[in-house]
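Have a look at the structure below, then the notes.
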Amino acid sequence: QVPLVESGGGLVQAGGSLRLSCAGFGRSFSSYAIGWFRQAPRTEREFVAAIGWYGSTLYSEDSVKERFTISRDNAKNMVYLQMNNLKPEDTAVYYCNAEATPDLLRQGSHNFEWGQGTQVTVFS
C-alpha cells in the first residue's frame, strides 16, 4: 500500500505556475519529513525539496529555491510544492515520499514505495 498520493500536475507555458499536492494517510503522517522528487525521461529520479515535520525546508539548488516553495498542512495531511516561473527543464513526473528527516530525503532515502506521481509538462 502506498500511503502518499500526488496530484496537481499539468501542462503549462514557460513562466507559469503549478501547485502540486501530496496527500498522506494515517496519523503518523505529521511525524515524517516529506520530500518531492522528479524524474524526466531517460534520467534518474532526483531530489527537489523536502520539509521536516516541524517545518524546516531543504531545496536541491538555488535555482529551485528561488522558484519553488514547499509547505505542509499537518491538520490536512498534505504537503504542497508551489512552483513558479516554470521552465521547460522542469518537465518531469513529480513524486513525493517520506523519511525521518529532510536530509535523508536529500540523500535519496525514502520510506515507501513510489506512487504514480504527477506529470508536469512545461512548454516554451
Side-chain angles (χ1 to χ4, degrees):
Q1 184 178 4
V2 179
L4 300 170
V5 178
E6 306 90 349
S7 63
L11 181 66
V12 63
Q13 191 169 19
S17 298
L18 284 173
R19 188 177 82 155
L20 306 184
S21 297
C22 173
F25 302 90
R27 290 190 291 179
S28 61
F29 177 85
S30 61
S31 66
Y32 283 107
I34 304 296
W36 283 99
F37 299 78
R38 65 187 179 186
Q39 187 170 19
R42 298 174 297 280
T43 68
E44 292 188 356
R45 193 166 2 229
E46 64 176 5
F47 170 79
V48 176
I51 186 166
W53 64 268
Y54 41 86
S56 68
T57 59
L58 276 178
Y59 295 89
S60 58
E61 55 189 13
D62 288 344
S63 65
V64 168
K65 186 177 182 179
E66 292 168 359
R67 301 181 294 120
F68 294 4
T69 302
I70 189 170
S71 61
R72 69 188 300 161
D73 184 340
N74 286 334
K76 296 181 179 179
N77 276 12
M78 296 291 290
V79 169
Y80 306 100
L81 186 68
Q82 177 68 43
M83 306 188 296
N84 299 326
N85 190 21
L86 282 161
K87 303 177 180 182
E89 51 263 44
D90 295 317
T91 294
V93 179
Y94 284 70
Y95 303 86
C96 60
N97 216 306
E99 249 292 3
T101 68
D103 197 54
L104 285 171
L105 288 160
R106 182 171 60 180
Q107 295 174 38
S109 180
H110 54 89
N111 273 8
F112 304 115
E113 292 182 6
W114 295 106
Q116 294 196 345
T118 186
Q119 175 72 49
V120 172
T121 303
V122 185
F123 63 94
S124 57

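We number each residue from 1, following the sequence as shown.
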Would you say Ser28's side chain and Ser31's backbone share a donor-acceptor pair under 3.5 angstrom? no
Out of Leu105, Leu58, Leu81, Val79, which residue meets the side-chain contact (heavy atoms from CB on, under 4.5 Å) rule with Ile51? Val79
When you compare the side chain of Tyr95 with that of Gln39, does any pair of heavy atoms fall below 4.5 Å? yes
Shortest non-hydrogen contact from Asn74 to Trp53? ND2-O, 3.6 Å
Identify the heavy atoms of Cys22 and Leu4 that sit nearest to each other, and give their distance. SG-CD2, 4.0 Å
What's the shortest heavy-atom distance between Gln119 and Ala92, and which atoms? NE2-O, 3.5 Å
Beyond-backbone contact of Thr91 with Phe123, side-chain heavy atoms, under 4.5 angstrom: no
Axial cation check for Tyr80 ring with Arg19, 6.0 Å and 45° limits: yes
Is any side-chain heavy atom of Met83 closer than 4.5 Å to a side-chain heavy atom of Leu20? yes
Can you find a heavy atom in the side chain of Thr69 that is under 4.5 Å from one in the side chain of Tyr59? yes
Ring centroid separation Phe68 to Trp36 under 6.0 Å: no
Please report the C-alpha distance between Asp103 and Arg106 in whole Å, then the side-chain angles of each, then the deciding distance to 0.1 Å, and finally whether the salt bridge (charged side-chain N to carboxylate O under 4.0 Å, His left out) criterion is met. CA-CA 5 Å; Asp103 197 54; Arg106 182 171 60 180; 2.6 Å; yes
Quiz question: by atom type and distance under 3.5 Å, do the side chains of Asn97 and Glu99 form a donor-acceptor pair? no
Which atom of Ala98 lies closest to which atom of Phe112, heavy atoms considered: CB-CE1, 3.6 Å
Test item: side-chain donor near acceptor, Glu61 and Ser63, under 3.5 Å: yes
What is the minimum heavy-atom distance between Gly52 and Pro102, and which atoms define it? N-CG, 3.5 Å
I'd like to check Arg45 versus Trp114 (side-chain heavy atoms, cut-off strictly below 4.5 Å). Are they in contact? yes
Tell me whether the count of non-hydrogen atoms from other residues, nucleotides or ligands lying under 6.0 Å of CD in Gln116 goes above 12. no
Distance-minimising heavy-atom pair for Leu18 and Gly8: CD2-O, 3.9 Å
Is there a path of hydrophobic side-chain contacts, each under 4.5 Å between heavy atoms of I/L/V/M/F/W/Y residues, joining Leu104 to Phe37? no
Using a strict cut-off of less than 4.0 Å between a Lys/Arg side-chain nitrogen and an Asp/Glu carboxylate oxygen, indicate whether Asp90 and Lys87 qualify as a salt bridge. no
Atom pair CZ (Arg67) and OG (Ser17), whose distance is rounded to the nearest 0.5 Å: 10.0 Å
With a 4.5 Å heavy-atom cut-off, do Ile34 and Arg72 have their side chains touching? yes
State the OG-CD distance between Ser21 and Gln82, to the nearest 0.5 angstrom. 9.5 Å
